[in-house]
Amino acid sequence: MAHIVGGIATSHIPSIGNAIAKGLQADPYWRPFFDGFVGAQRWLTRVRPDVVVVIYNDHGLNFFLDKMPTFAVGAAAEYRHADEGWGLPVAHPFPGDARLSWHLIDSLVDDEFDITSCQEMLVDHAFTIPLSLLWPNSPHARPVKTIPIEINTVQHPLPSPARCFKLGQAIGRALESYDEDAKVLILGTGGLSHQLDGTRAGFINKPFDLMCLEKIVDDPQALTRYSVLDIVEQAGSQGVEILNWIAMRGALTGRVSRVHGNYHIPISNTATGLLVLENQPLLRLAV
Ligand code: DHB
Ligand code: FE
C-alpha cells in the first residue's frame, strides 16, 4: 500500500528559476524567499518520499487554449521540460512511475472523475521550479519519481474549490489502494495572491493569503465554500492557482500537522507561500 507522508504547497514563479540559474539565493531580494525552503528540505531528508504527485496548472506549454482539460494525469515513463519563453534553462527530464499513474487513472475514473490521461506530457515551470526548490542539489539525478496532475486554472470555466478538494480526496483514496509499497508526497503549486495583467496587475491580498495559509491546515472545508470568482476577486486572476493547494490538501487522508511554512511578499508580482504538512494515516481497526 502506498503511504502518503505529507503534502507541500509552494509558489512556482518563473523568475525563481532564473535566480537559481544565476546563483542569487543569498541576494538580499531573494534570501527571505530561499531561506524559507531549508525547513522543507530538512523534513524531506527525514521522510524520504519515493514518489511525488505534483498537482499544478499548465501555462500553455503542454495544453493551450484550444484544448484545455479540466483535469489531466501523466502516465509516462519520463516527463520533459521545454523552452517556455521565460528565459529559463531547460530542466533535465523527470522520471515517471507509469504503473502508479495507471492505477491513479483507473481509480479516479472509477470514482467518477473523467480525467484526461497523457502518455506524453511536457511539464512547465509550475512543475519544475517547486521540485528544484525542494531538491536543490540534484538537478540531474532526480531522487524521486514524479506524477504530474494538471488542473485548469487558466481558461474559464474552472473547476470549483469544492471539486478540486474532492479530486484530492479521490487521489488520496487511489494511493491508499495501491498494491505496492511507496512513500508518496503530494505537492500543490502556484499562488498565493497575484494578478499578472489588466488594471489590477500586481494585486496582492495579504490578509486573504494568511487566512488561506491558516485554514488549509485544519479547516480546508472553509476554502471549499468560495466560488472560483470569489477567489479571483480576493486573490487575483492567477491567485486562483490555490486550487492546486486545495487539491493537495484533499489528498491528505490522515491526521495532518503543520511542520513548516513561509510567507514572503513579493517575488515578481506574486505573494509567495510555502507550507509543509505531515500526514499521519489514521489507524484502521482490523476486522
Ligand atoms: C508569475 C507568477 C506565476 O504564477 C506564473 O505562472 C508566471 C509568472 C510572476 O509573478 O511573474
Ligand atoms: Fe502560475
Side-chain angles (χ1 to χ4, degrees), residues 8-22 24-25 27 29-30 32-34 36-37 54-65 68-72 74 79 81-91 121-134 148-156 158-159 161 164 187-206 208-209 212-213 216 228 231-248 262-275:
I8 296 184
T10 168
S11 309
H12 63 215
I13 306 152
S15 60
I16 300 164
N18 284 317
I20 293 172
K22 292 184 188 147
L24 297 178
Q25 289 88 339
D27 183 275
Y29 177 84
W30 288 102
F33 172 77
F34 280 101
F37 282 84
V54 187
I55 304 175
Y56 71 109
N57 57 293
D58 182 271
H59 299 73
L61 182 69
N62 191 73
F63 304 113
F64 198 62
L65 303 180
M68 182 60 69
T70 303
F71 301 127
Y79 301 97
H81 182 215
D83 185 359
E84 302 173 55
W86 295 103
L88 290 172
V90 172
M121 196 167 179
L122 289 174
V123 288
D124 78 358
H125 66 274
F127 179 101
T128 63
I129 286 175
L131 292 171
S132 304
L133 286 165
L134 296 173
I149 298 189
E150 174 267 357
I151 295 183
N152 169 27
T153 71
V154 173
Q155 173 153 275
H156 292 261
L158 311 185
C164 293
L187 176 58
T189 88
L192 286 169
S193 58
H194 64 302
Q195 172 143 343
L196 299 180
D197 45 27
T199 51
R200 289 205 308 169
F203 174 77
I204 282 176
N205 184 347
K206 183 173 177 181
F208 184 78
D209 289 338
C212 289
L213 282 167
I216 203 159
V228 161
I231 295 187
V232 168
E233 188 177 22
Q234 293 293 320
S237 52
Q238 280 76 36
V240 78
E241 290 175 345
I242 198 163
L243 291 175
N244 303 324
W245 291 43
I246 292 171
M248 174 281 290
N262 191 38
Y263 182 75
H264 175 66
I265 300 176
I267 294 295
S268 179
N269 267 337
T270 300
T272 67
L274 167 68
L275 199 55

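Both ligands and their constituent atoms are indexed starting at 1 by order of listing.
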Verify, without hydrogens or angle tests, whether [X] (side chain) and [Y] (backbone) share a donor-acceptor contact under 3.5 angstrom.
X: Gln25; Y: Phe34; result: no
X: Ser11; Y: Gly191; result: yes
X: Asn262; Y: Pro32; result: yes
X: Ser193; Y: Ala271; result: no

Next on the checklist: Checking contacts here: is it the side chain or the backbone of His59 that comes within 4.0 Å of ligand 1, counting heavy atoms only? Could be both or neither.
Outcome noted: side chain
Item to check | Within reach of ligand 1, part of Tyr56 (heavy-atom separation under 4.0 Å) | outcome: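 Within the 4.0 Å criterion, Tyr56 makes no contact with ligand 1.
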Checklist entry - What pairs with Asn269 under side-chain hydrogen bond (donor to acceptor under 3.5 Å, both in side chains), at least two apart in sequence or on another chain? => result none
Next on the checklist: If we only consider heavy atoms of Ser15, is any one of them less than 4.0 Å away from an atom in ligand 1?
Outcome noted: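 Heavy atoms of Ser15 never come under 4.0 Å of ligand 1.
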Next on the checklist: Yes or no: does His12 have any heavy atom under 4.0 Å from an atom of ligand 1?
Outcome noted: yes
Item to check | Option set Val154, Leu196, Thr189, criterion heavy-atom distance to atom 1 (C) of ligand 1, minimum | outcome: Leu196
Using a strict cut-off of 4.0 Å, indicate which atoms of ligand 1 neighbour a heavy atom of [X].
X: His125; answer: 5 (C), 6 (O), 7 (C)
X: Glu241; answer: 4 (O), 6 (O)
X: Trp86; answer: 7 (C), 8 (C)
X: His194; answer: 2 (C), 3 (C), 4 (O)
X: Ile13; answer: 1 (C), 2 (C), 9 (C), 10 (O), 11 (O)
X: Ser268; answer: 9 (C), 10 (O), 11 (O)
X: Pro14; answer: 1 (C), 5 (C), 7 (C), 8 (C)

Item to check | atom 10 (O) of ligand 1: the protein heavy-atom neighbour that sits closest, reported with distance to 0.1 Å | outcome: Thr270 OG1, 2.5 Å
Checklist outcome for this item: The single option from Leu243, Leu158, Ile242 that satisfies side-chain contact (heavy atoms from CB on, under 4.5 Å) with Cys164 is Leu243
Item to check | Non-neighbouring partners of Gln155 that pass side chain to side chain contact (heavy atoms under 4.5 Å, CB included), sequence neighbours left out | outcome: Leu65, Met68, Asn152
Checklist entry - Which pair of heavy atoms, one from Val240 and one from Ile231, lies closest together, and at what distance? => result CA-CG2, 3.8 Å
Next on the checklist: Could you go through His156 and Val228, starting from their C-alpha distance and side-chain angles, then the distance that decides it, and tell me whether this counts as side-chain contact (heavy atoms from CB on, under 4.5 Å)?
Outcome noted: CA-CA 9 Å; His156 292 261; Val228 161; 3.8 Å; yes
Checklist entry - Considering only heavy atoms from C-beta outward, does the side chain of Leu133 approach that of Leu274 to under 4.5 Å? => result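 The answer is no, as the side chains (C-beta and beyond) never meet within the 4.5 Å cut-off.
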Item to check | Geometric class of the Trp30/Phe33 ring pair [parallel <30°, tilted 30-60°, perpendicular >60°] | outcome: perpendicular
If you look only at distance, which donor and acceptor atoms sit under 3.5 Å apart when one is on a side chain in residues 55-62 and the other is two or more places apart or in another chain?
residue: Asn57; atom: OD1; partner: Asn244; partner atom: ND2; Å: 3.1
residue: Asn57; atom: ND2; partner: His59; partner atom: NE2; Å: 3.2
residue: Asn57; atom: ND2; partner: Thr153; partner atom: OG1; Å: 3.1
residue: Asn57; atom: ND2; partner: Glu241; partner atom: OE2; Å: 3.3
residue: Asp58; atom: OD1; partner: Gly60; partner atom: N; Å: 2.8
residue: Asp58; atom: OD1; partner: Leu61; partner atom: N; Å: 3.1
residue: Asp58; atom: OD1; partner: Asn62; partner atom: N; Å: 3.3
residue: Asp58; atom: OD1; partner: Phe63; partner atom: N; Å: 3.1
residue: Asp58; atom: OD2; partner: Asn62; partner atom: N; Å: 3.0
residue: His59; atom: ND1; partner: Asn57; partner atom: O; Å: 3.2
residue: His59; atom: ND1; partner: Asp124; partner atom: OD2; Å: 2.9
residue: His59; atom: NE2; partner: His12; partner atom: NE2; Å: 3.3
residue: His59; atom: NE2; partner: Glu241; partner atom: OE2; Å: 3.2
residue: Asn62; atom: OD1; partner: Leu122; partner atom: N; Å: 2.9

Checklist entry - What's within reach of the Fe ion (ligand 2), meaning protein N/O/S atoms under 2.8 Å? => result His12 NE2, His59 NE2, Glu241 OE2
